[in-house]
Amino acid sequence: MSKIVILTGAGISAESGLGTFRAEDGLWAEHRVEDVATPEGFARNPELVMTFYNDRRAQSYEASPNAAHVALAALQQADGFDVVIVTQNVDDLHERGGADAIHMHGGLTTALCHHCGHRWPAPLVMDLADTCPSCGQTSTRPDIVWFGEMPYQMDRIERHLSECDLFVSIGTSGNVYPAAGFVQMAKMSGAEALELNLEPSQGASYFDKAINGPASQIVPEWVR
Ligand SMILES: CC(C)NC(=O)[C@H](Cc1c[nH]c2ccccc12)NC(=O)[C@H](CCCC/N=C(/NCCC(=O)O)S[C@H]1O[C@H](COP(=O)(O)OP(=O)(O)OC[C@H]2O[C@@H](n3cnc4c(N)ncnc43)[C@H](O)[C@@H]2O)[C@@H](O)[C@H]1O)NC(=O)OCc1ccccc1
């Protein structure tokens, strides 16, 4: 049974109407990373950060999985392959497309108590006054990995990377670590590496093969 690890980024959700980060009209064009995606930014202005993720949650719930999400779910159910999807995305389009994914940067569908670590389903609009159902403290934050914070499930991800035969990267620019270093980790374990992206990423030179184009077209073609 060949093992495939698939890393996805914002590009796979672009055609579902969710903004990417580094595009001209991308998320980082409208917001300073330091203000909305760092623990320091949350400490400085928690209202701004809550509003930023409440808006992202509303947008992602209005969006639908596209043909790329659906194709990966079909591949994950297909016999003969052990497919692990690791996503940098905080939307739940992989799951709504029928797949399981490891959300290394967290997700919009859960809330996190920064006092006791408890997680619970996020209301559509999270509020700083929300209390933790477990410890009762008003210490709610988005369940998102911010810059400078340790990504989730790194041990599990590194084990999968060390065992895979094929590493596939879809819709990511390869700017953010440790995700941008996964191709080298997979290659060091003898895996082949394939990039499926609109354009060559920062790490394009590490890949053995690349197919450039919109994910909703090139991913179903590759899976077929
Ligand atoms: C900016 C960068 C230099 N900084 C970092 O990498 C930092 C610091 C750092 C750590 N190690 C380093 C080594 C070197 C340099 C810096 C560092 N990393 C961290 O802080 C990380 C935490 C980073 C996570 C931050 N949170 C996010 N997301 C949640 C928030 C939120 O979503 O709001 S990152 C966020 O930005 C990244 C955006 O990248 P992409 O998804 O790739 O999106 P982008 O817009 O850039 O590109 C889209 C691509 O799609 C393509 N595309 C567009 N449309 C389509 C289309 N239609 N079809 C196909 N492709 C398409 C485009 O061509 C493009 O290539 C994603 O990871 C996303 O999750 N934490 C950490 O290091 O902790 C300690 C540690 C770690 C491990 C072990 C020990 C200690």
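Indexing begins at 1, ligand by ligand and atom by atom, following the structure's order. Since the structure is predicted, the reported quantities are computational estimates derived from the model, not experimental observations.
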Correct closest heavy-atom pair for Leu93 and Ser60 would be CD2-O, 4.4 Å

Closest heavy-atom pair, Thr87 versus Ala101, reported as atoms and distance to 0.1 Å, is CG2-CB, 4.2 Å

On a heavy-atom basis, I'd like to know which of Val219, Asn89, Leu198 is closest to atom 60 (N) of ligand 1.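 Nearest option to atom 60 (N) of ligand 1, by heavy atoms: Leu198.
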
Looking at Glu199, Met150, Glu149, the heavy atom closest to atom 71 (C) of ligand 1 belongs to Glu149

| said: Applying side chain to side chain contact (heavy atoms under 4.5 Å, CB included) to His160 and Val86, what does each step give before you reach the verdict? | reply: CA-CA 10 Å; His160 288 308; Val86 178; 5.8 Å; no

Would [X] count as a contact residue for ligand 1, given that I'm defining contact as a non-hydrogen atom of the residue lying under 4.0 Å from a ligand atom?
X      : answer
Met154 : no
Gly148 : yes
Ala179 : no
Arg56  : yes

Taking 4.0 angstrom as the limit and counting only heavy atoms of [X], give me the atoms of ligand 1 inside it, by number and element.
X      : value
Pro214 : 58 (N)
Thr20  : 45 (O)
Ala215 : 56 (C), 58 (N), 59 (C)
Asn175 : 2 (C), 3 (C)
Gln88  : 66 (C), 67 (O), 68 (C), 69 (O)
Gly213 : 58 (N), 59 (C)
Tyr53  : 30 (C), 31 (C), 33 (O)
Ala14  : 54 (N)

Is it the case that more than 12 heavy atoms not belonging to Tyr206 sit under 6.0 Å from its OH atom? no

Practice item. Count the heavy atoms belonging to other residues, nucleotides or ligands that lie under 6.0 Å from OH of Tyr152, then report whether that count exceeds 12. Key: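 Atom OH in Tyr152 is crowded, with more than 12 foreign heavy atoms closer than 6.0 Å.
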
Can you check whether [X] has an N/O within less than 3.5 Å of an N/O in ligand 1?
X      : answer
Gly9   : no
Pro151 : no
Val145 : yes
Ala10  : yes

Look at [atom] and say which protein heavy atom is nearest, naming residue and atom and giving the distance to 0.1 Å.
atom                    : result
atom 18 (N) of ligand 1 : Tyr177 O, 3.0 Å
atom 48 (C) of ligand 1 : Gly171 O, 3.9 Å
atom 57 (N) of ligand 1 : Glu15 OE2, 3.0 Å
atom 42 (O) of ligand 1 : Thr172 OG1, 2.6 Å
atom 51 (C) of ligand 1 : Asn197 OD1, 3.6 Å
atom 27 (C) of ligand 1 : His105 ND1, 3.6 Å
atom 7 (C) of ligand 1  : Phe147 CD2, 3.9 Å
atom 56 (C) of ligand 1 : Gly11 O, 3.4 Å

Check the hydrophobic clustering (I, L, V, M, F, W, Y; side-chain heavy atoms under 4.5 Å; chains of links allowed) and say if [X] and [Y] are grouped together.
X      : Y      : value
Val168 : Phe207 : no
Val90  : Leu18  : no
Leu128 : Val36  : yes
Phe182 : Val145 : no
Ile4   : Met188 : no

Checking heavy atoms under 4.0 Å, the part of Ser216 that sits near ligand 1 is neither

Is the contact between Ile144 and ligand 1 made by the side chain, the backbone, both, or neither, using heavy atoms and a 4.0 Å cut-off?
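Under 4.0 Å from ligand 1, Ile144 contributes side-chain atoms alone.
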
Take Asp91 and Arg96 through the test salt bridge (charged side-chain N to carboxylate O under 4.0 Å, His left out) and record every step on the way to the result.
CA-CA 10 Å; Asp91 64 58; Arg96 283 197 273 142; over 6 Å; no

So which of Met150, Gln153, Gln88 actually passes side chain to side chain contact (heavy atoms under 4.5 Å, CB included) with Met104?
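Among the candidates, only Gln88 passes.
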
Q) When the ring planes of His114 and Phe42 are compared, do they come out parallel, tilted or perpendicular, using 30° and 60° as the limits? A) perpendicular

Can you tell me if Thr138 uses its side chain to pair, donor with acceptor, with the backbone of Ala129 under 3.5 Å?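 The answer is no, because no donor-acceptor pair under 3.5 Å joins these two groups.
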
Worksheet entry | Stepwise side chain to side chain contact (heavy atoms under 4.5 Å, CB included) test for Trp120 and Asp143 | CA-CA 9 Å; Trp120 65 97; Asp143 186 14; over 6 Å; no

Does the side chain to side chain contact (heavy atoms under 4.5 Å, CB included) test come out yes or no for His118 and Gln137, once each step is laid out? CA-CA 11 Å; His118 180 67; Gln137 302 272 325; over 6 Å; no

